[in-house]
Amino acid sequence: MKNKVILLAAAGLLSLAACNKKDDNNGSATTDFNTLKTKVLADFTNNVAVAGYSDLKTSADDLYAKLQTLNNSATDANLSAARDAWKKMRGTWEQCEGFLFGPVEDNDYDPNMDTWPTDYNQMDSLMANASAFTVADVQNYTLSLRGYHPIEYVIFGKDGNKTAADLTAKEKEYMMALAEDLKNTCTSLYSSWSAAPENYAQQVITAGAGSTKYTKKQDVYLAIIGGMMDICEEVGTSKMKDPYDAYLTEPALAAFLVESPYAGTSIADFKNNLIGLQNVYLGTYNGKSGLGLKDLVAAKNKSLDNNIQTKIAVAVSSFDNITLPYGQAIAAQRTQIQATMAALDDLKNTLENDLEPFIKTNITD
C-alpha cells in the first residue's frame, strides 16, 4: 500500500513442469541453476502470488456477506463477525503487499482499495450530506473515501468502540456500497493474474521465454526484489516513521497518520507486510511451499542466503516488542519502534546492496 496522504487461469495454465534431477519442491541442491531460475518463478507465481490473491478474493466475498448480514440485522454479534472478517481480509492483503508489482500497481488496484490516512470528519460529512450511496458513487469519490479504511471507520467507529445500535441507515448504505466495490476490485485483481486477457501469471512464468512483459528473467526477478525493498521502506518510513516523527511536534497529525487506527491493527498490518516479504523469499504461503529466492541464492552463496534469512526473521520478530496500539506506542514505546525501523532499514540495505547485485550477476538471461 502506498501512503497517499490527503494532506498533501485455470490451474493447469498456471502450472509449469519442473525439469528437476530430483522431483521434490525442496530439492534445490539437486537442481541445476538454469532450472532453478525457471522453477522459482513458477512456484512464486502459483504458490504465493496467485494463491494470495485467490485468498484475498475469497476474503472479500466473505466480508461482503458478513456486512450484508449486519446490514439486514444490526446485532452486536453480527457486528463482531463483520469486524473479524475485516481483520482476516486485512491480514491477507497486507501479506500480498510483499509482492506489490504488476497489475496491483499498473491498474491502480492498490490505491483504489488502500489509500490512507482517512479523515473521519470528511467521512461523517459525506454520510450526512449524500442522498444515496451506490458502487458508481464510491468509484468517483476521492481515494480516501474508498476501500478498506472507510469500512473500518463505519464498523469500528472513531475510537473502536462502536455498537451495532450506533449504526445509522446512511452508514449501512455507505458500508454496503464500499464492500461491493472492494469485492469487485479484489475479483478483478485475482483475474488479472489468473485469466485472459491479461493473465499476468503466464507473463511471469514465461519471462525470458515468450513473455511480452518480461523479455528477460532478470527483469521479473528485479521487479520482485524491488517490491520487497519497497515494502521495507514503506513500513519503516511511511507507516512507522512519519507518525513517529510527527508525535514530537504535532501529536494530532501523528494520530491522523497512523494506519488502521479505528480497528487498532497497525502493528499486525506492519508485521504482515514483512511476513509477505518473507513468503516471497522462502517460497511459502499459508501452508504451501516450493522453491523460493532462497534456493537461488543458496545455490551460489549460502552465506548470503543465511544473512538474508536472518535479517528477515529479525525484522519480523521485532514487531512483537511493540505491545501497545501504534498510536500509543509512538509515545510510550519509542525505543522499540526505533529498533524495528533499524531492522527494516538494515534488511532493505541488504536486499539493495547484496541481493539485487546477486541477481544482476547470476541471472543475465
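Within 6.0 Å of OH on Tyr244 lie more than 12 heavy atoms contributed by other residues, nucleotides or ligands. For NZ of Lys241, the number of neighbouring non-hydrogen atoms (other residues, nucleotides, ligands) closer than 6.0 Å is 12 at most.
Trp93 places none of its side-chain heavy atoms less than 4.5 Å from the side chain of Asn272. Counting only heavy atoms from C-beta outward, the side chains of Gln139 and Asp181 approach each other to under 4.5 Å. Between Ile312 and Leu282, the closest side-chain pair of non-hydrogen atoms is not below 4.5 Å. Residues Asp295 and Lys39 fail the side-chain proximity criterion, which asks for heavy atoms closer than 4.5 Å. Looking at heavy atoms from C-beta onward, Leu100 lies out of side-chain contact with Ile231 at the 4.5 angstrom threshold. Contact annotation: the side chain of Ile308 never approaches that of Leu293 to less than 4.5 Å [non-hydrogen atoms, C-beta and beyond]. When side chains are defined from C-beta on, Ser260 counts as touching His149, because their heavy atoms get closer than 4.5 Å. At least one side-chain heavy atom of Leu222 sits less than 4.5 Å from a side-chain heavy atom of Gln218.
The distance from the CG atom of Asp345 to the OG1 atom of Thr340 is 12.5 Å, given to the nearest 0.5 Å. Atom CZ of Arg83 is separated from atom OG1 of Thr265 by 12.0 Å, given to the nearest 0.5 angstrom. Interatomic distance, Asn279 CG to Phe99 CZ, rounded to the nearest 0.5 Å: 8.0 Å. Interatomic distance, Asn286 CG to Ser54 OG, rounded to the nearest 0.5 Å: 10.5 Å. The distance from the OG1 atom of Thr45 to the CD atom of Gln202 is 8.5 Å, given to the nearest 0.5 Å. To the nearest 0.5 Å, atoms OG1 (Thr35) and CG (Asp32) are separated by 3.5 Å.
Ala82 approaches Leu67 most closely through the heavy-atom pair CB-CD2, 3.7 Å. Minimum heavy-atom separation, Ala130 to Lys170: O-NZ, 2.6 Å. Here the closest non-hydrogen pair linking Tyr174 and Leu145 is OH-O, 2.7 Å. Here the shortest heavy-atom pairing between Ala315 and Ala343 reads CA-CB, 4.1 Å. Residues Leu347 and Cys232 come closest through the heavy atom pair CD2-SG, 3.7 Å. Between Met240 and Leu344, the closest heavy-atom pair is SD-CD1, 4.0 Å.
Each of Trp116, Tyr148, Tyr120, Tyr153 was scored for a ring pair (Phe, Tyr, Trp, His ring centres under 6.0 Å) with Tyr262, with one residue passing: Tyr153. For the salt bridge (charged side-chain N to carboxylate O under 4.0 Å, His left out) criterion with Asp269, the lone passing option out of Arg90, Lys239, Lys87 is Arg90.
With Ser317 contributing its side chain and Val314 its backbone, the two residues share a donor-acceptor pair below 3.5 Å. Judged by distance alone, with hydrogens and angles left aside, the side-chain atoms of Gln333 form a donor-acceptor pair with the main-chain N or O of Thr323 at under 3.5 Å. No donor-acceptor pair closer than 3.5 Å links the side chain of Ser73 to the backbone N or O of Thr69. Between the side chain of Lys217 and the main chain of Thr38, no donor-acceptor pair closer than 3.5 Å is present. No side-chain donor-acceptor contact under 3.5 Å links Asn47 to the backbone of Lys288. Not one N or O on the side chain of Ser125 forms a donor-acceptor pair closer than 3.5 Å with the backbone of Asn121.
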Test salt bridge (charged side-chain N to carboxylate O under 4.0 Å, His left out) on Asp84 and Lys88; report intermediate values, then the result.
CA-CA 6 Å; Asp84 288 344; Lys88 180 180 178 181; over 6 Å; no
Let me see the working for Glu352 and Glu233 under side-chain contact (heavy atoms from CB on, under 4.5 Å), right down to the final yes or no.
CA-CA 11 Å; Glu352 183 175 12; Glu233 182 168 5; over 6 Å; no
* Take Gln95 and Asp55 through the test side-chain contact (heavy atoms from CB on, under 4.5 Å) and record every step on the way to the result. => CA-CA 11 Å; Gln95 290 193 26; Asp55 283 353; over 6 Å; no
Please assess Ile363 against Leu296 for the test side-chain contact (heavy atoms from CB on, under 4.5 Å), listing each intermediate value before the final yes or no.
CA-CA 10 Å; Ile363 302 179; Leu296 278 177; 3.9 Å; yes
Between Phe133 and Tyr141, is the side-chain contact (heavy atoms from CB on, under 4.5 Å) condition met? List the steps. CA-CA 11 Å; Phe133 294 101; Tyr141 291 154; 3.4 Å; yes
Worksheet item: Would Thr134 and Asp137 count as a side-chain hydrogen bond (donor to acceptor under 3.5 Å, both in side chains) if you check the C-alpha gap in whole Å, the side-chain angles of each, and the deciding distance to 0.1 Å?
Response: CA-CA 5 Å; Thr134 66; Asp137 293 326; 3.0 Å; yes
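For the 3.5 Å distance criterion, the side chains of Asn199 and Gln203 fail to qualify, holding no donor opposite an acceptor. Residues Ser192 and Tyr109 have side chains that never bring a donor and an acceptor to within less than 3.5 angstrom of each other. Residues Tyr281 and Asp305 bring a donor and an acceptor atom of their side chains to less than 3.5 Å of each other. For the residue pair Asp166/Thr163, the side-chain donor-acceptor check at 3.5 Å is satisfied.
Residues Asp106 and Lys213 are paired through a salt bridge, judged by an N-O separation under 4.0 Å between the basic side chain and the carboxylate. Salt-bridge check for Asp61 with Lys57: passed, with a basic side-chain N closer than 4.0 Å to an acidic carboxylate O. Note on Lys271 versus Asp320: salt bridge recorded, some NZ/NE/NH1/NH2 to OD/OE distance being below 4.0 Å. Salt bridge present: Asp365 and Lys37 bring a charged side-chain N and a carboxylate O closer than 4.0 Å.
There is no path of hydrophobic side-chain contacts, each under 4.5 Å, that joins Leu324 to Met341. Linking Ile, Leu, Val, Met, Phe, Trp and Tyr residues whenever their side-chain heavy atoms come within less than 4.5 Å leaves Val135 and Ile151 in two separate clusters.
Ring-plane geometry between Tyr53 and Trp193 is classed as tilted, the angle between the planes lying from 30 to 60 degrees on a 0 to 90 degree scale.
Within the 6.0 Å centre-distance limit, the rings of Tyr326 and Phe270 are counted as a close aromatic pair.
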